[in-house]
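Contents: one structure, followed by commentary.
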Amino acid sequence: MVDPSVPSSTPSTDPGQQKSPLDVLEEILNESKNLGGGGGPGNAAAPSGPSPAELALQEQQAQQAQQQALAAQEAAARQRDQEQIQQQLSQLQQAYQTPQYQETVRQKTEKQHQEEQHQSDNQGYEIRQVEHTKI
């Protein structure tokens, strides 16, 4: 015998009629609006709406949809970040090729070479004392 208050086919359990997570969330919102709106004494006694098992299933599907959306957003953000990193690396490589940068590198190496030459020239002029190694 079929109970008229229990729906005979549930769209969430039928694999042929899978709903998108957005549709499930909209259904839950509509149901919550409907449950809060009609507060007469006749409505309180009549069992309406999905069973607790169906609510749990809908909640689980909503959570899965939210997790999938979050994962998709994170993947898109990672992809965007990778593209920005590649672009910045390309700009950095181009900066290394500019004449200004190459001149800066040449000046630094020339200065370092001059300092080394100065140190080697001064090594013979050290004064050794009895108590000290050099002045």
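- Residues E103 and Q100 form no side-chain contact, since every pair of their non-hydrogen atoms from C-beta on lies 4.5 Å or further apart.
- Rounding to the nearest 0.5 Å gives a distance of 12.0 Å between CD of Q68 and CD of Q63.
- Counting Ile, Leu, Val, Met, Phe, Trp and Tyr side chains that sit under 4.5 Å apart, directly or through other members, V105 shares a hydrophobic cluster with L92, Y96, Y101.
- Within the structure, every pair that satisfies the side chain to side chain donor-acceptor pair (under 3.5 Å) test and touches residues 112-121, not counting sequence neighbours, is listed here: Q117-D121, H118-N122.
- In this structure, E54 and L57 have side chains that are not in contact, with every pair of non-hydrogen atoms separated by 4.5 Å or more.
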Please table the atom pairs, donor to acceptor, closer than 3.5 Å between any side-chain atom in residues 69-83 and protein atoms at least two apart or in another chain.
from, atom 1, to, atom 2, distance (Å)
Q79, NE2, E83, OE2, 3.3

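- Contact annotation: the side chain of L22 approaches that of E26 to within less than 4.5 Å [non-hydrogen atoms, C-beta and beyond].
- In this structure, CD in Q64 is found 7.0 Å from CD in Q67, a value given to the nearest 0.5 Å.
- In the hydrophobic clustering, where aliphatic and aromatic side chains (Ile, Leu, Val, Met, Phe, Trp, Tyr) are joined below 4.5 Å either directly or transitively, I85 groups with L89.
- With sequence neighbours excluded, no residue forms a side-chain hydrogen bond (donor to acceptor under 3.5 Å, both in side chains) with S90.
- Heavy atoms of other residues, nucleotides or ligands lying less than 6.0 angstrom from CD of Q102 number more than 12.
- Membership of the apolar cluster around I28 extends to V24, as traced through chained side-chain contacts below 4.5 Å between ILVMFWY residues.
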